[in-house]
Amino acid sequence: MNVREAVGWARKAAEKSGRDAAILDTLANLLWISGARDEAVKTEEEALGKAEGAMKRDFEGVLARWRADAEAMKASGAVPMT
């Protein structure tokens, strides 16, 4: 998969959808995979703010996992794979 190209498509989809929570989540995941960790967290936080019910709980779990991963990488001095 061409992640960079997919990020571009997801950005367009997010804008055209009025920043729909599910599309923002997709964009955030692609950003995380591409190594844009800070932007991924901000985007997932935006998605969380728009989500309800099970989707909201899922997004909370994703953010908790990403924050824990980021802290572990920081503590170990690891460089994230991109």
Side-chain angles (χ1 to χ4, degrees):
M1 171 173 37
N2 185 336
V3 176
R4 287 183 191 195
E5 197 170 324
V7 167
W9 295 333
R11 286 186 196 283
K12 283 184 184 178
E15 294 310 315
K16 289 184 182 258
S17 71
R19 313 247 342 134
D20 177 84
I23 295 173
L24 288 169
D25 174 61
T26 299
L27 173 58
N29 278 279
L30 289 166
L31 289 166
W32 185 265
I33 291 167
S34 74
R37 307 288 203 241
D38 292 339
E39 186 179 359
V41 168
K42 288 177 186 174
T43 303
E44 191 71 4
E45 288 171 340
E46 182 181 350
L48 174 63
K50 296 177 177 222
E52 296 178 1
M55 186 182 285
K56 187 171 191 124
R57 289 187 297 279
D58 288 345
F59 294 173
E60 288 170 338
V62 168
L63 279 169
R65 188 174 63 250
W66 286 354
R67 288 180 177 134
D69 288 352
E71 285 301 314
M73 282 188 281
K74 186 186 240 183
S76 70
V79 176
M81 290 177 45
T82 59

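Hydrogens, waters and symmetry mates are skipped; everything else that's a heavy atom, side chains included, is used. Bear in mind that the values here come from a model prediction, so they are computed numbers and not experimental data.
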A.B. asks: Let me confirm one number: the CG-CD distance from Leu27 to Glu39, rounded to the nearest 0.5 Å.
C.D. replies: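 Answer for the CG-CD pair, Leu27 versus Glu39, is 6.5 Å.
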A.B. asks: What's the spacing between Lys16 NZ and Ile23 CD1 if we round to 0.5 Å?
C.D. replies: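 Taking NZ in Lys16 and CD1 in Ile23, the distance rounds to 11.5 Å.
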A.B. asks: Rounded to the nearest 0.5 Å, what separates atom NZ in Lys42 from atom CG in Leu31?
C.D. replies: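 Atom-to-atom, Lys42:NZ and Leu31:CG are 11.5 Å apart.
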A.B. asks: To the nearest 0.5 angstrom, please state how far the OG atom of Ser76 sits from the CD atom of Glu71.
C.D. replies: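 Reported to 0.5 Å precision, the distance equals 11.0 Å.
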A.B. asks: Within the structure provided, determine whether Lys50 and Asp20 are in side-chain contact (heavy-atom separation under 4.5 Å).
C.D. replies: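 The answer is no; the side chains never approach within 4.5 Å.
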A.B. asks: Can you pull the ring-ring contact (aromatic ring centres under 6.0 Å, His included) pairs that have at least one residue in residues 4-29, sequence neighbours excluded?
C.D. replies: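 Counting only pairs at least two positions apart or across chains, no ring-ring contact (aromatic ring centres under 6.0 Å, His included) contact touches residues 4-29.
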A.B. asks: Rounded to the nearest 0.5 Å, what separation is found between the CG atom of Asp25 and the CG atom of Leu30?
C.D. replies: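 That separation rounds to 9.5 Å.
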A.B. asks: Taking C-beta and beyond as the side chain, do Trp32 and Val62 meet within less than 4.5 Å on heavy atoms?
C.D. replies: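 They are not in side-chain contact.
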A.B. asks: Flag yes if Leu24 and Met55 sit in one hydrophobic cluster, no otherwise; membership is Ile, Leu, Val, Met, Phe, Trp, Tyr, and two members link when side-chain heavy atoms are under 4.5 Å apart.
C.D. replies: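 Different clusters.
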A.B. asks: Would you please test Glu45 and Leu63 for side-chain contact (heavy atoms from CB on, under 4.5 Å) and show each step?
C.D. replies: CA-CA 8 Å; Glu45 288 171 340; Leu63 279 169; 3.9 Å; yes
A.B. asks: In Å and rounded to the nearest 0.5 Å, what is the CD to OG1 distance from Glu44 to Thr26?
C.D. replies: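 Those atoms lie 9.0 Å apart.
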A.B. asks: So with a 6.0 Å cut-off around CG of Asp38, is the heavy-atom count from everything else above 12?
C.D. replies: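 It does not: Asp38 CG has 12 such atoms or fewer within range.
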